[in-house]
Every structure is written in structure tokens, then in C-alpha cells.
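Note that the numbering runs from 1 along the sequence shown for the chain. When reading the values below, keep in mind they use all heavy atoms of this one structure, side chains included, and skip hydrogens, waters and symmetry mates.
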Amino acid sequence: MITYNDFVKVDIRVGKILQAEDFPQARKPAYKLTIDFGSEIGVKKSSAQITKHYTKEELVGKLILAVVNFPPKQIGPFRSEVLVLGVPDEEENVVLLTPDKAVPIGGRMY
């Protein structure tokens with residue numbers, strides 16, 4: 001079990017995907033994402049293995065949730081700065097966690 005104080009250490013924010021690109025150097029099929037988290041956090045990059053359910057075109061403009069306070073992770077030639085959140089479907093393909101209503105980017109999950 002964790003405490004509430006443990007939970008609030010994880011900074012999960014709403015971001016808006018600005019750009020999605022192929023990531024051919026990734027070991028598993030993935031996209032390179034550019035995500036805007038608003039004025040407080042800014043624009044960050046992430047790699048996400050979400051190619052089964054999403055095209056690059058439909059990702060642009062989509063609101064997502066991501067952990068913004070993990071240290072950056074080097075994935076091949078790409079530096080991933082945030083962890084985009086999702087859950088597995090029946091075949092272990094990632095389905096993104098997204099707000100079901102319009103919300104301001106940068107909003108913190110609580």
C-alpha cells in the first residue's frame with residue numbers, strides 16, 4: 001500500500017499532441033510524439049507504442065495523460081521526456097488514457 005503523499009509525488013498532466021512521427025529505430029512499433037502541456041510544463045517529447053490503435057493523423061490534437069516528472073529516458077537516438085499513459089486491450093496493445101470531456105492542457109490529475 002502507498003500513502004496519499006506517495007501518490008501526489010507522481011505528476012500526471014493533460015497534454016495535447018502537436019505532432020506524431022514514425023519511429024523506425026524503435027525495437028517495437030512506436031511513434032515519436034510532441035506534446036504541449038501548457039505554460040507551466042511546456043512542450044515535451046515522448047515515444048509511445050500506440051501504432052495498433054492510432055494513426056499519426058488522428059493523434060494530432062488528441063488530449064492524453066502523461067507522467068511529467070520522471071527523468072528523461074534515452075530510447076535509441078530519441079530522448080523521451082514524459083511517460084504517456086495507457087492500458088492494454090485484450091491483445092496487450094496500448095489504449096491511451098484520455099479525458100472524456102474538454103479540459104485545459106497542463107491540468108494535473110488528482
Side-chain angles (χ1 to χ4, degrees):
M1 301 302 257
I2 66 170
T3 67
Y4 183 77
N5 287 336
D6 293 329
F7 170 74
V8 296
K9 290 178 186 175
V10 181
D11 192 356
I12 299 173
R13 303 284 181 126
V14 175
K16 182 177 185 178
I17 298 175
L18 301 176
Q19 185 176 10
E21 303 173 76
D22 290 323
F23 188 8
Q25 301 91 343
R27 281 186 274 136
K28 295 181 180 179
Y31 294 132
K32 294 187 286 186
L33 304 176
T34 303
I35 308 164
D36 184 1
F37 291 96
S39 59
E40 184 180 345
I41 305 292
V43 174
K44 301 290 182 182
K45 305 263 186 191
S46 186
S47 170
Q49 296 172 0
I50 55 175
T51 60
K52 292 289 183 185
H53 289 296
Y54 306 96
T55 66
K56 294 176 291 194
E57 295 76 20
E58 72 182 299
L59 287 168
V60 174
K62 189 170 196 63
L63 296 179
I64 54 87
L65 293 170
V67 177
V68 298
N69 65 335
F70 282 151
K73 182 175 181 180
Q74 195 69 35
I75 303 172
F78 185 74
R79 185 176 167 96
S80 187
E81 300 173 297
V82 299
L83 176 65
V84 174
L85 298 175
V87 294
D89 67 9
E90 309 81 32
E91 297 174 357
E92 298 296 313
N93 297 308
V94 178
V95 176
L96 291 170
L97 294 180
T98 62
D100 67 352
K101 303 269 190 259
V103 296
I105 60 174
R108 186 170 182 159
M109 188 189 85
Y110 56 85

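By the 4.5 Å heavy-atom criterion applied to side chains, Gln49 and Phe23 are not counted as neighbours.
The minimum heavy-atom distance between Phe37 and Ala66, with the atom names listed, is CZ-CB, 3.8 Å. Looking at every heavy atom in both residues, Val82 comes nearest to Ser46 through O-OG, 2.8 Å. Shortest non-hydrogen contact noted between Tyr31 and Leu59 is CD1-CD1, 3.5 Å. Shortest non-hydrogen contact noted between Val8 and Asn5 is CG2-O, 3.3 Å.
Between the CG atom of Leu63 and the CD1 atom of Ile35 there is a distance of 11.0 Å, given to the nearest 0.5 Å. Taking CG from Asp36 and NZ from Lys44, the interatomic distance works out to 11.0 Å, rounded to the nearest 0.5 Å. Distance OG1/Thr51 to NZ/Lys56: 11.0 Å, rounded to 0.5 Å.
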CA sep, side-chain torsions, deciding dist, call: Arg13, Glu40, salt bridge (charged side-chain N to carboxylate O under 4.0 Å, His left out): CA-CA 11 Å; Arg13 303 284 181 126; Glu40 184 180 345; 3.4 Å; yes

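There is a side-chain donor-acceptor pair under 3.5 Å between Lys45 and Thr34.
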Could you list the donor-acceptor pairs under 3.5 angstrom formed by side chains in residues 98-107, with sequence neighbours left out?
none

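Of the residues listed (Asp89, Leu96, Val94), the one engaging His53 in a side-chain contact (heavy atoms from CB on, under 4.5 Å) is Asp89, and it is the only one. Exactly one of Ile50, Leu18, Val60 qualifies for a side-chain contact (heavy atoms from CB on, under 4.5 Å) with Leu33. That residue is Ile50.
Applying the side-chain contact (heavy atoms from CB on, under 4.5 Å) rule to Val67 yields the partners Val10, Ile12, Asn69, Phe70, Leu83, Leu85; only residues at least two apart in sequence or on another chain are considered.
In the hydrophobic cluster analysis, where Ile, Leu, Val, Met, Phe, Trp and Tyr join through side-chain heavy atoms closer than 4.5 angstrom, Val14 is grouped apart from Val43.
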